[in-house]
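Count residues from 1 along the sequence.
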Amino acid sequence: MEARTRAIMHTTRRGWRGLATMLAAVAVALAPTAGASAETHKKESDTLVIARGQSIDSLNPYFARNVIDFETLELSYETLVRLSAKDYSYVPGLATKWETSADGRAWTFTIRKNSKWSDGKPVTAHDAAFTYQLLIDNEDIHTRHVDFASKLESVEATDDHTLVITTKEPTPLVPSRYLPIIPKHIWEKVDNPAEHENNDPPLVGSGPYQMVEHVTEQFIRFKANKNYWDGKPEFDELVFRYYSSPDAEVAALESGEVDVVGYGSLTPAQFKSLKGQDGITANAAQNRRFVSLVLNPGARTKDGKRFGDGHPALRDVKVRQALHTAIDKSQLVDRVLDGYGDPGVGPVPKIFETLHWDGGDELITFNLEAANKILDDAGYERGKDGIRTMPNGSKPLKFRLYAHSDNPAYASIAKFLEGWWKDLGIEVQTESIEQGPLNDKNYLGEYDISFSGWGISPDPDFLAMHTCAALPGVTDGTERAHETFYCNPDYDKLQDQQTQETDEAERAKLIKEQQRILYRDSPQIYLYYQNQLEAYNSAKIESMAVQPADGGLITGQSNFLWAYHSARPVGSGADSEGGGSGALIAGIVVALLAAGAVGFYVMRRRTAGERE
């Protein structure tokens with residue numbers, strides 16, 4: 001259930017899109033050299049090439065969900081407020097400053113005067129007002145972002161450079177919500193913005209790069225925005241080049257075909273093989289990503305209509321708790337990650353320590369005896385074959401476990417799960433499925449247990465995906481605002497409270513309590529927080545800004561891609577401040593390296609939470 005888009009579309013529209021994708025693939029196969037020549041027409045030294053294992057799904061900023069979609073949006077469009085490269089604190093984006101009213105309901109943003117769209121038109125407060133107004137006016141967009149959109153009362157551009165957002169009650173969500181500002185003069189011509197995929201290049205954007213070309217499962221090409229308000233990137237072009245496997249990415253880095261690899265694609269063995277190679281710098285950094293199992297607690301719509309074919313035993317919290325108790329997360333970190341990570345607890349990873357819940361006295365420890373007792377007490381008796389059945393004897397506990405076919409770590413984890421859960425009298429049938437079809441199965445409720453990975457933002461709006469309001473209104477799998485079909489009124493009450501609480505300490509308590517409830521009910525089991533293992537071509541790249549500044553990463557940055565905007569070619573001779581505020585941090589990192597600092601880490605979803 002990884003890296004999915006949640007756009008609300010009709011099944012017939014999905015079918016046409018699939019047909020279009022197939023036709024495009026045929027065209028590429030018949031003329032393979034055309035795309036390649038278009039991608040490589042710039043000198044290699046002028047182009048920054050990043051390896052990626054995804055292709056664009058949807059660049060609609062209201063419905064994007066894939067990592068590659070978010071990265072494309074972050075390069076192409078500005079937000080009102082950025083998360084700093086230093087420590088994830090709020091810093092100016094399109095807005096140079098902002099302030100709130102005495103009652104905490106009105107947010108006034110001053111829009112900078114030196115930003116232009118890539119077609120030359122100025123970016124104004126009217127563009128921002130148009131972007132936020134769609135959250136109120138468009139039913140599908142409102143539903144997708146209901147946790148935030150429902151709090152908006154009005155949006156107004158009082159002049160070209162002043163935006164006022166008024167909420168129904170005080171909320172801390174206004175500056176933290178990731179929402180790319182879109183050009184009004186382009187989008188106001190779209191019949192229904194909720195159905196506009198925005199995938200056709202060139203994109204009219206305001207960010208450091210402009211997407212000018214892409215070929216599915218080949219590449220996405222960007223051109224540097226020479227008029228970017230925060231300084232033109234020093235690499236004239238940037239390319240996301242598609243690879244079908246991590247092995248292919250590593251080989252491409254070693255041959256000089258790509259310059260950066262990472263964002264969850266490197267295995268520990270691959271990472272170790274790259275460390276120490278001439279011209280390659282490897283980095284292991286604490287990540288904002290979790291890997292989890294999503295359990296099907298019973299697919300249903302908002303009005304309670306059941307659908308899908310999930311195993312009925314997983315509706316029982318006792319079964320989910322037993323499965324959770326029979327997972328040795330520390331062993332997974334040691335054996336699968338080779339120690340590059342930490343056992344998972346809740347959805348907020350350890351890197352965001354203020355909001356991270358560590359489990360306290362309720363932390364579940366691996367205990368097969370205790371897990372068996374949970375099932376015994378709940379009436380799940382073993383049959384003659386050793387497999388447990390439902391309390392009424394109607395169905396054996398045989399669960400389907402779906403894993404992404406392109407992730408070798410998931411296959412390793414599945415082997416451990418099969419063994420542990422066999423000791424519980426539960427049979428696991430693991431199947432590896434390509435990402436797209438697997439996502440469809442999950443949203444149709446046609447699964448028992450599935451792997452899922454997310455990158456979490458410092459303000460975890462991911463929590464809204466577990467609310468009753470996020471449940472779909474239809475059964476065709478096209479409404480994708482939820483994560484697990486989970487619905488708990490007590491959890492929802494906490495969600496409402498924390499999204500209105502402006503005291504940081506009190507809000508942190510509420511968010512931790514939400515995580516405690518998710519941990520107890522186990523609709524999603526958080527296996528581990530995986531460190532970011534990444535590497536780059538240091539014979540070509542002199543420096544890149546990291547996020548955060550202390551032990552940060554390149555390929556998992558949040559809200560704005562500081563690394564790619566600030567990247568400096570070797571021998572460029574550029575001033576360290578020439579690439580905008582991000583390059584300043586890169587200069588600091590270079591200074592640390594010159595001083596012999598051992599921890600020189602330079603690297604980068606979705607931002608609000610994004611699937612990986």
Side-chain angles (χ1 to χ4, degrees), residues 38-52 54-56 59 61 64 66-79 82-83 85 93-94 114-121 123 178 180-183 186 198-215 218-242 258-260 263 536 540-541 543-545 547 554-569 572 574 578-583 586 603-607 610:
E39 180 200 351
T40 59
H41 78 277
K42 292 289 291 184
K43 292 188 300 181
E44 288 185 3
S45 60
D46 295 333
T47 303
L48 180 65
V49 184
I50 297 109
R52 282 293 176 265
Q54 293 179 339
S55 289
I56 288 173
L59 297 181
N66 289 359
V67 170
I68 195 65
D69 297 340
F70 274 103
E71 289 188 316
T72 300
L73 291 171
E74 289 162 351
L75 290 172
S76 304
Y77 298 101
E78 288 284 276
T79 53
R82 293 174 174 178
L83 297 175
L94 274 181
N114 60 336
S115 181
K116 292 183 178 181
W117 297 108
S118 53
D119 62 4
K121 296 183 182 296
V123 180
Y178 175 76
I181 303 304
I182 55 178
I186 300 295
N198 195 37
N199 290 355
D200 296 329
L203 291 187
V204 176
S206 59
Y209 282 95
Q210 179 188 23
M211 194 267 276
V212 294
E213 184 181 15
H214 80 86
V215 177
Q218 286 198 26
F219 66 87
I220 310 167
R221 186 167 66 88
F222 301 82
K223 181 173 67 175
N225 181 356
K226 63 181 180 181
N227 296 318
Y228 184 54
W229 67 267
D230 200 19
K232 175 186 175 294
E234 293 192 37
F235 281 96
D236 293 335
E237 288 193 351
L238 183 148
V239 172
F240 288 131
R241 188 174 292 166
Y242 176 84
V258 302
D259 305 312
V260 181
Y263 209 99
Y536 69 98
K540 178 177 177 179
I541 304 168
S543 63
M544 288 184 281
Q547 188 188 45
I554 289 179
T555 60
Q557 293 180 1
S558 182
N559 182 269
F560 182 77
L561 303 187
W562 299 97
Y564 305 150
H565 174 230
S566 68
R568 292 175 54 187
S572 64
S581 55
M603 305 191 178
R604 171 189 170 260
R605 203 232 299 163
R606 262 315 225 21
T607 68
E610 75 269 6

Nearest heavy-atom neighbours spanning [X] and [Y]:
| X | Y | answer |
| --- | --- | --- |
| Ser566 | Ala545 | OG-N, 2.9 Å |
| His565 | Pro208 | CD2-CB, 3.8 Å |
| Tyr178 | Leu73 | OH-CB, 3.8 Å |

I'd like to know if the side chain of [X] reaches the main chain of [Y], judged simply by a donor and an acceptor atom lying under 3.5 Å from each other, with no hydrogens or angles considered.
| X | Y | answer |
| --- | --- | --- |
| Ser118 | Gly205 | yes |
| His214 | Asn199 | yes |
| Ser206 | Glu78 | yes |
| Asn66 | Ile68 | no |
| Trp562 | Leu83 | yes |
| Glu237 | Arg221 | no |
| Asn225 | Gly207 | yes |
| Asp69 | Ala64 | no |
| Glu234 | Ala567 | no |
| Lys540 | Val258 | no |

Worked verdict on Leu203 versus Tyr77 for side-chain contact (heavy atoms from CB on, under 4.5 Å): CA-CA 9 Å; Leu203 291 187; Tyr77 298 101; 4.1 Å; yes
A side-chain contact here means heavy atoms from C-beta on lying under 4.5 Å apart; do Ile182 and Asn198 qualify? no
So do the side chains of Trp229 and Val123 get within less than 4.5 Å of each other, counting heavy atoms only? no
Working to the nearest 0.5 angstrom, can you tell me the gap between [X] [atom1] and [Y] [atom2]?
| X | Y | atom1 | atom2 | value |
| --- | --- | --- | --- | --- |
| Ile220 | Arg52 | CD1 | CZ | 9.5 Å |
| Lys232 | Lys226 | NZ | NZ | 9.5 Å |
| Leu94 | Asn114 | CG | CG | 9.5 Å |
| Arg82 | Phe560 | CZ | CZ | 4.0 Å |
| Met544 | Arg568 | CE | CZ | 12.5 Å |
| Leu75 | Leu238 | CG | CG | 6.0 Å |

Determine, stepwise, if the pair Ile56 / Met211 fulfils side-chain contact (heavy atoms from CB on, under 4.5 Å). CA-CA 12 Å; Ile56 288 173; Met211 194 267 276; 4.2 Å; yes
Show your reasoning for whether side-chain contact (heavy atoms from CB on, under 4.5 Å) applies to Asp259 and Tyr536. CA-CA 5 Å; Asp259 305 312; Tyr536 69 98; 5.9 Å; no
Might you work through the side-chain contact (heavy atoms from CB on, under 4.5 Å) test for Tyr564 and Ile50, ending with a clear yes or no? CA-CA 10 Å; Tyr564 305 150; Ile50 297 109; 3.8 Å; yes
With ring centroids as reference points, do Phe222 and Phe240 lie under 6.0 angstrom apart? yes
